[in-house]
Structure formats: structure tokens, C-alpha cells
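Read through the structure below, which is laid out as C-alpha cells, and then see the notes.
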Amino acid sequence: MDVVFALGGSVLMPKEGASTENIQNYAKAFKKLKEMGHRVSVVVGGGNTARQYISVAREFANESFCDEIGILATRMNSMLLISALGKDAVKQVPENFKDAEIILNMDKILVMGGTHPAHTTDAVSATLAEFIDADLLVIATNVDGVYNKDPRCNKDAVKLDKINTKELLEITGSSSMSAGSSGVVDPLASKIIDRAKLKTIVVKGIPEEIISSVSGNHNGTTITP
Ligand code: UTP
């Protein structure tokens with residue numbers, strides 16, 4: 001299967017900072033999927049590094065400048081994952097989808113970060129999945145699925161096992177567009193998922209769930225066109 005993963009920077013690079021073991025466990029999961037015969041692309045988020053830099057820069061700069069800082073953080077996190085993937089990756093982070101596809105055609109695991117201001121790596125992963133005609137998009141993040149309302153502020157929020165892309169649009173439509181924002185799926189990504197009719201799964205970004213998401217045996221939310 002041709003699978004694109006959006007790997008939240010907050011899971012790869014948590015508040016406590018980078019850990020060799022954590023990065024290695026993600027690299028092992030992606031290598032295992034490649035060994036199983038899947039074509040694997042990973043779009044890495046900026047995580048805490050992005051948020052720290054953006055919160056200081058916002059005192060001085062506009063949102064798109066802050067986004068540019070966030071993009072650099074996504075590329076630094078990408079380099080970290082690339083370092084752990086060794087010969088299964090290329091030691092370069094592509095900045096557009098054409099260059100990304102060249103890496104996939106070299107039979108390597110593709111790792112990339114952000115592209116342009118005003119969206120997040122969720123939107124990058126959805127566009128990449130559309131561009132390469134992927135079979136599946138997996139959003140591996142710091143929540144375990146899509147809820148009917150934000151579970152961080154609503155104790156009665158309910159996790160949804162299955163939704164369609166129109167329902168996803170309704171749920172994510174009001175998410176913030178500001179630099180460093182962290183809705184479960186960015187509103188632009190939801191629109192791309194809908195237009196490209198992408199089968200999408202949102203799972204907790206732990207290596208076990210990343211592997212299970214491809215077999216369909218996961219605990220997250222499945223989004224169908
Ligand atoms: P992300 O929001 O994608 O990373 O990028 P994240 O926070 O690690 O993802 P999650 O929430 O854990 O899933 C960090 C910031 O970088 C900028 C945005 O400001 C974004 O909030 N960015 C990233 C862009 O402007 N364009 C991009 O293509 C990617």
C-alpha cells in the first residue's frame with residue numbers, strides 16, 4: 001500500500017525534548033512498514049520546537065513570518081528522523097512534492113516537513129497524498145482520534161470511530177489558522193481530504209498505532225469519502 005503519514009512534531013519531539021529511544025522507535029516502525037512492502041512517506045510536524053520559537057517571534061513578527069519559523073522546525077525534526085532511518089532515507093528534506101516523489105521513486109522512505117506559510121503539516125501530508133495518488137493518509141498525532149468537540153476543553157467529548165469527509169469538514173471548520181495552532185486536523189487539510197476523496201485515519205502517534213493503522217486494526221478514527 002502507498003501510505004502517507006502526518007507525524008505530529010509533538011509526538012516525535014515532546015515537551016521534554018528529543019530522545020534517542022523515541023526517535024529510534026519511530027524509525028523502526030517506518031522501516032518495518034517498508035519491509036512489509038508498503039511505500040512510506042512521512043511528513044513531520046514542528047512540535048514544541050516550533051511552538052517555542054513562534055511564541056517568542058510573535059512579539060515582533062506577523063503570522064506568515066512565524067509560519068516560516070515553524071516550517072524550519074518541521075525540517076529540523078525531519079532531519080532527526082532521517083538520521084535514524086539511515087540508508088532507508090535520503091539525507092535531504094524536499095521542499096516541494098515533485099522532489100518528494102523523486103525520493104519515493106528511489107525506493108526510499110520519504111521524509112519531509114512544511115512547504116508554505118498559512119497551513120500545517122496536516123495540509124502538506126494531504127496534498128502529498130493527493131499528488132502521489134496514495135492509498136491511505138494516516139494522521140498520527142497527540143490525540144487518539146477525532147472527537148465531536150475538543151477533548152482538551154470538553155470533558156463530555158465523544159471519540160468518533162468512523163466519520164465521512166463532510167463530517168470532518170464540519171468538526172474542523174472552526175479550528176484556528178494562526179501559526180503554531182494545534183487542532184486535530186487543520187481546516188485546509190480537511191478540505192483537501194474531501195476534494196481528493198482520501199481514505200484517512202487519525203490515530204494516537206505511537207509506533208504501535210502507526211503500524212496497526214495500515215492493517216486497519218487501530219483504535220483511532222476512520223474517515224471515508
Ligand atoms: P505543524 O503544526 O504542522 O506541526 O507545524 P505540529 O504542531 O508538530 O503538528 P501537530 O499539531 O503535533 O500535529 C508547526 C507550524 O509550522 C508552520 C505553522 O505555523 C504550524 O503551526 N507551518 C508548517 C507552515 O506554515 N506551513 C507548513 O507547510 C508547515
Side-chain angles (χ1 to χ4, degrees), residues 1-9 11-13 23-47 70-116 119-141 185-186 188-203 205 207 209-216 218 220 222-223 225:
M1 215 191 284
D2 197 342
V3 193
V4 173
F5 293 89
L7 182 63
V11 297
L12 189 76
M13 177 66 84
I23 307 283
Q24 200 162 45
N25 287 339
Y26 285 104
K28 274 186 192 160
F30 294 121
K31 278 174 183 244
K32 185 171 177 187
L33 287 168
K34 183 172 186 286
E35 278 163 24
M36 288 162 74
H38 300 294
R39 194 162 87 141
V40 178
S41 303
V42 190
V43 180
V44 184
I71 291 168
L72 291 177
T74 67
R75 292 183 183 153
M76 271 193 351
N77 286 346
S78 298
M79 289 295 272
L80 214 48
L81 181 61
I82 286 172
S83 69
L85 286 168
K87 288 204 161 41
D88 281 317
V90 166
K91 292 189 186 71
Q92 191 180 331
V93 181
E95 298 182 4
N96 62 63
F97 302 117
K98 290 181 193 165
D99 290 348
E101 196 171 41
I102 292 170
I103 292 175
L104 280 173
N105 289 341
M106 293 163 73
D107 197 28
K108 300 285 183 185
I109 296 174
L110 159 68
V111 183
M112 71 183 288
T115 52
H116 301 98
H119 52 72
T120 72
T121 45
D122 289 347
V124 176
S125 63
T127 314
L128 174 69
E130 180 181 52
F131 189 82
I132 64 170
D133 293 311
D135 303 303
L136 179 65
L137 170 64
V138 178
I139 298 182
T141 182
V185 180
D186 142 8
L188 179 60
S190 300
K191 287 187 180 167
I192 299 162
I193 289 168
D194 181 50
R195 85 162 186 187
K197 300 183 174 55
L198 283 171
K199 180 174 180 192
T200 304
I201 292 170
V202 178
V203 288
E209 279 285 270
I210 284 174
I211 292 172
S212 307
S213 64
V214 179
S215 60
H218 58 85
T222 303
I223 303 156

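Heavy atoms only: backbone and side chains are in, while hydrogens, waters and symmetry mates are out.
- Using modelled atom types, one side-chain atom of D122 and one backbone atom of D186 make a donor-acceptor pair closer than 3.5 Å.
- G113 approaches V124 most closely through the heavy-atom pair O-CG1, 3.5 Å.
- In this structure, S212 contributes its side chain and E209 its backbone to no donor-acceptor pair below 3.5 Å.
- Smallest separation of non-hydrogen atoms from A126 and I193: CB-CG1, 4.1 Å.
- Annotation: K34, atom NZ; neighbour count of heavy atoms from other residues, nucleotides and ligands within 6.0 Å is above 12.
- For the atom pair I71 CD1 and T115 OG1, the distance stands at 6.0 Å (nearest 0.5 Å).
- Side chain of D2 to backbone of D135: no donor-acceptor contact under 3.5 angstrom is found.
- Interatomic distance, NZ of K191 versus NE2 of H119, reported as 13.0 Å (0.5 Å rounding).
- Considering only heavy atoms from C-beta on, I82 stays 4.5 Å or farther from V90 through its side chain.
- With rounding to the nearest 0.5 angstrom, the OG1 atom of T127 is 10.5 Å from the NE2 atom of H116.
- Note: L80 CG to I23 CD1 = 4.0 Å, rounded to the nearest 0.5 Å.
- Without hydrogens or angle criteria, T141 side chain to I139 main chain gives no donor-acceptor distance under 3.5 Å.
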Discussion item. Run V44 and V93 through side-chain contact (heavy atoms from CB on, under 4.5 Å) and show every step you take.
Written reply: CA-CA 10 Å; V44 184; V93 181; over 6 Å; no
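- Heavy atoms only, all atoms of each residue included: V214 and L33 are closest at CG2-CD2, 3.8 Å.
- The backbone N or O of K87 lies less than 3.5 Å from a partner atom in the side chain of K108, making a donor-acceptor pair.
- Contact of the F97 side chain with the I132 side chain is not registered, since no non-hydrogen atoms from C-beta on lie closer than 4.5 Å.
- Listed here is the closest heavy atom pair of L110 and A100: CD2-CB, 3.6 Å.
- One distance of note links CG of L136 with CD1 of I201; it measures 4.5 Å at 0.5 Å rounding.
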Item to complete: Apply side-chain contact (heavy atoms from CB on, under 4.5 Å) to the pair R39 and N105, showing each step before the final yes or no.
Response: CA-CA 10 Å; R39 194 162 87 141; N105 289 341; 3.4 Å; yes
Worksheet item: How far apart are the C-alpha atoms of I210 and L7, what are their side-chain angles, what is the distance that settles it, and do they pass the side-chain contact (heavy atoms from CB on, under 4.5 Å) test?
Response: CA-CA 9 Å; I210 284 174; L7 182 63; 3.9 Å; yes
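- Between M13 and L81 the shortest side-chain heavy-atom distance does not fall below 4.5 Å.
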Worksheet item: Would I103 and M112 satisfy side-chain contact (heavy atoms from CB on, under 4.5 Å), going step by step from the backbone distance to the final call?
Response: CA-CA 10 Å; I103 292 175; M112 71 183 288; over 6 Å; no
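- Although no hydrogens or angles enter the test, the distance criterion places no donor-acceptor pair under 3.5 Å between the side chain of K31 and the main chain of I109.
- I102 has its side chain out of reach of K98: every pair of non-hydrogen atoms, C-beta onward, lies at least 4.5 Å apart.
- When all heavy atoms of L128 and S41 are compared, the pair lying nearest together is CD2-CB, 3.8 Å.
- Between the side chain of Y26 and the backbone N or O of A84 there is no donor-acceptor pair closer than 3.5 Å.
- Residues K197 and P225 come closest through the heavy atom pair O-CG, 3.5 Å.
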